[in-house]
Amino acid sequence: MGKTLFDKIWDGHIVMSKPGYPDAVYINTHFIHEVTSPQAFDGLRKRDIPVFRPGKTRATADHNVPTMDQHLPIKEALSRHQVEMLTKNTAEFGVELYGLGHPYQGIVHVIGPELGITLPGMTIVCGDSHTSTHGAFGAVAFGIGTSEVEQVLATQCILQYKPKRMKIEVNGTLKNGVLSKDIILYIISKISASGATGYFVEYAGEAIRSLSMEARMTICNMSIEMGARGGMIAPDETTFAYIKGREFAPQGEAWDKALAFWQTLYSDADAQFDVVLNFDAADIEPQITYGTNPGMGMGITQHIPALSQLDEKEVPSFKKSLDYMDLQPGAPLLGKKIDYVFIGSCTNSRIEDLRLVADFVKGKQKAEDVVVWIVPGSKQVEAQAKAEGIDKVLMEAGFQLREPGCSACLGMNEDKVPAGMYCISTSNRNFEGRQGPNARTFLASPLTAAAAAITGRVTDVRELV
Ligand SMILES: CC(C)[C@H](C(=O)O)[C@@H](O)C(=O)O
Ligand code: SF4
């Protein structure tokens, strides 16, 4: 019987396997950031052991960094401390750091791919749930906890039970104004925020194949928001073309060898998945969430479910969620006034996202009472945006182009949405308090967010293009 892509990679990395026990899996690349690494380094220090293979770990500062005046000391004491710890720990243990001021600094899930560190066939971990992003390259990539970060630093391996396999096929052609963000929000709204719990997902089908690498990353990024351990897409010509020539990508003979291996990375025709789901791209319209988990989403022209449409047992949490959002069951969202727009995060802060937004807003003006934050995912994205004149287009529209970091994706730095305000956000989580205490989040695509920036309201972008 054939093998799934996931099994090919996982099995190829097993160092030890014993029935009833987790597998010991070799890790090719380990990313770390300031939030989940301090205790791991402390652990090593206590045990008086070094990092086993320091060259296999890369560090960046992203969660706690301000996105204005990055050349100045960090104002928030806790954030400053976290970033200083990362600097100290990486220096002491010999790990490469892309800290503030470094031309490679940025959100961990943006920099790995853009530097050619993330490659097909790899096992990749990071103490961060959205590590699933790297699966877009046909890698087995997943988030781990702080004690596991210590385990990987110490051994370059991790103990893990093998997850089950799910395939999600999206066939057909996407409609105008519908982006990969809409595909993944749609899937999560259909299967719920826990619909893939316990599974590792492979996305397939012609609608997925037709996507650029950056659009594929958006999909894999949000796998975790339906409970999946990770998400992946088999590498193809699009993948290889994206990687070629990047800073740390293999070159010359090493490239040819790598390519020959990468071309074997697909699920065999007779491979068995534990679950297979099918969707039609033509059914997907621009999406928006109305609640406080990413599964509470709908097409932008639809209405929030009425209580009568729900299972009785869902009603209490649904009501709590809508209370938090100050929204009514059964109401539409189109036309709803918004206060903030955040275009950024490891889901949608890459150069293609910024290009799309700039193309759309060129010659338009943001609504007067809306604050618009555009936060590039990395220094390289920022530099590219400037080289292409995107910065000017955005500033002329009244948008703020800030410096790279996680920013308003989560309230761990200075960028917070004020209490009670509505923010339409291209990030991946709309949990209570996620963007700041009592802030209210609508998740959407960069185009839908840009449309709202112009009108000041939840808008169907298809009416403006
Ligand atoms: C802070 C970090 C551990 C966390 C994660 O694991 O995802 C963050 O990146 C997030 O998006 O909530
Ligand atoms: S951008 Fe948001 S989701 Fe991504 S790593 Fe940072 S905090 Fe997590």
Side-chain angles (χ1 to χ4, degrees), residues 30-40 58-67 78-79 82-83 85-86 98 105-114 118 124-136 141-150 152 181 184-185 188 193 214 217-231 289 292-294 342-350 353 373-378 381-382 402-417 423 425-436 439 441 443 446 449:
H30 184 199
F31 292 107
I32 58 172
H33 59 58
E34 69 274 34
V35 183
T36 47
S37 62
Q39 288 113 311
R58 307 284 176 119
T60 188
D62 51 7
H63 286 71
N64 291 99
V65 303
T67 60
L78 179 65
S79 289
Q82 293 290 107
V83 174
M85 289 300 290
L86 184 71
Y98 306 138
Q105 179 266 338
I107 306 174
V108 65
H109 312 307
V110 173
I111 68 164
E114 80 182 358
T118 298
I124 300 175
V125 293
C126 172
D128 193 286
S129 52
H130 297 98
T131 309
S132 57
T133 314
H134 308 257
F142 53 92
I144 58 177
T146 299
S147 58
E148 293 173 312
V149 172
E150 182 179 340
V152 178
K181 180 64 165 285
I184 190 65
L185 284 173
I188 302 172
E214 299 197 354
M217 284 186 243
T218 302
I219 299 217
C220 289
N221 174 274
M222 290 196 71
S223 306
I224 189 78
E225 306 309 336
M226 50 192 186
R229 199 70 188 89
T289 62
T292 54
N293 76 56
F342 171 56
I343 298 180
S345 90
C346 57
T347 318
N348 283 118
S349 64
R350 298 180 177 80
D353 298 311
W373 287 338
I374 312 276
V375 186
S378 71
V381 171
E382 181 188 46
R402 299 171 77 97
E403 294 172 281
C406 293
S407 183
C409 176
L410 93 173
M412 241 184 214
N413 51 66
E414 291 166 25
D415 302 349
K416 293 182 185 74
V417 174
C423 178
S425 175
T426 66
S427 53
N428 47 41
R429 286 180 173 164
N430 49 359
F431 304 154
E432 290 188 19
R434 172 78 181 181
Q435 297 195 286
T441 305
L443 299 177

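One-based numbering, in listed order, for ligands and for the atoms of each. These numbers were taken from a predicted model, which means no experiment stands behind them.
Between Thr36 and ligand 1, no pair of N/O atoms sits closer than 3.5 Å. The distance criterion of under 3.5 Å between nitrogen or oxygen atoms is not met by His33 with respect to ligand 1. Annotation: Asn428 places no N or O atom under 3.5 Å from an N or O atom of ligand 1; distance criterion only.
Between Phe31 and His134, the two ring planes are parallel [angle under 30°; tilted spans 30° to 60°].
The closest protein non-hydrogen atom to atom 2 (Fe) of ligand 2 is Cys409 SG, 2.3 Å. With hydrogens left out, the protein atom closest to atom 2 (C) of ligand 1 is Asp128 OD2, 3.5 Å, a heavy atom.
Distances from atom 5 (C) of ligand 1 to the heavy atoms of Ser129, Cys409, Cys406 show the closest one on Ser129. Summarising the contacts of atom 4 (Fe) of ligand 2 with Gly377, Cys346, Ser425, the nearest heavy atom is found in Cys346. Remark: among candidates Glu225, His63, Arg434, Glu34, the nearest residue to atom 10 (C) of ligand 1 is Arg434, based on non-hydrogen atoms. If you check each of Ala408, Ser427, Cys406, Ser345 against atom 6 (Fe) of ligand 2, the one with the closest non-hydrogen atom is Cys406.
The proximity of His63 to ligand 2, defined as any non-hydrogen pair under 4.0 Å, is limited to the side chain. Contacts between Asp128 and ligand 2 below 4.0 angstrom, taking non-hydrogen atoms only, involve the side chain exclusively. If you look at Met222 next to ligand 2, there are no close heavy atoms at all, none under 4.0 Å. Using a 4.0 Å cut-off between heavy atoms, Val108 makes no contact with ligand 2 at all. No part of His109 comes within 4.0 Å of ligand 1, judged by heavy-atom distances. Contacts with ligand 1 closer than 4.0 Å are made by side-chain heavy atoms of Val35 only, the backbone lying farther away.
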Decide yes or no on side chain to side chain donor-acceptor pair (under 3.5 Å) for His109 and Asn221, but give the supporting numbers first.
CA-CA 9 Å; His109 312 307; Asn221 174 274; over 6 Å; no

Taking it one step at a time, do Thr441 and Gln435 satisfy side chain to side chain donor-acceptor pair (under 3.5 Å)?
CA-CA 7 Å; Thr441 305; Gln435 297 195 286; 2.8 Å; yes

Could you go step by step and tell me if Lys181 and Asp353 meet the salt bridge (Lys or Arg N to Asp or Glu O under 4.0 Å) rule?
CA-CA 11 Å; Lys181 180 64 165 285; Asp353 298 311; over 6 Å; no

Show the numbers, then the answer: is there a side chain to side chain donor-acceptor pair (under 3.5 Å) between Ser79 and Asn64?
CA-CA 5 Å; Ser79 289; Asn64 291 99; 3.2 Å; yes

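Here Ile184 contributes atom CD1 and Leu443 contributes atom CG; the two are 12.0 Å apart, rounded to the nearest 0.5 Å. Separating the CD1 atom in Ile107 from the CZ atom in Arg350 is a distance of 8.0 Å, to the nearest 0.5 Å.
For Ser349 against Val110, the heavy-atom pair with the smallest separation is OG-CG2, 3.7 Å. The two residues Pro446 and Thr426 come nearest to each other via the heavy atoms CA-CG2, 3.6 Å. Contact detail for Cys126 and His30: the closest heavy-atom pair is CA-CD2, 4.4 Å. Residues Gly106 and Thr60 share a closest heavy-atom pair of O-OG1, 3.0 Å.
Remark: ligand 2 atoms within the under-4.0 Å shell around heavy atoms of Asn428 are 3 (S). Listed by number with element, the atoms of ligand 2 under 4.0 angstrom from any heavy atom of His130 are 3 (S), 8 (Fe). Residue His130 approaches ligand 1 through these ligand atoms, each under 4.0 Å from one of its heavy atoms: 7 (O), 11 (O).
Between His130 and the options Cys409, Cys220, Cys346, Ser223, a side-chain contact (heavy atoms from CB on, under 4.5 Å) holds for only Cys346.
Taking backbone and side-chain atoms together, His109 has no N/O/S atom less than 2.8 Å away from atom 4 (Fe) of ligand 2.
Remark: distances from the non-hydrogen atoms of Glu225 to ligand 2 are all 4.0 Å or more.
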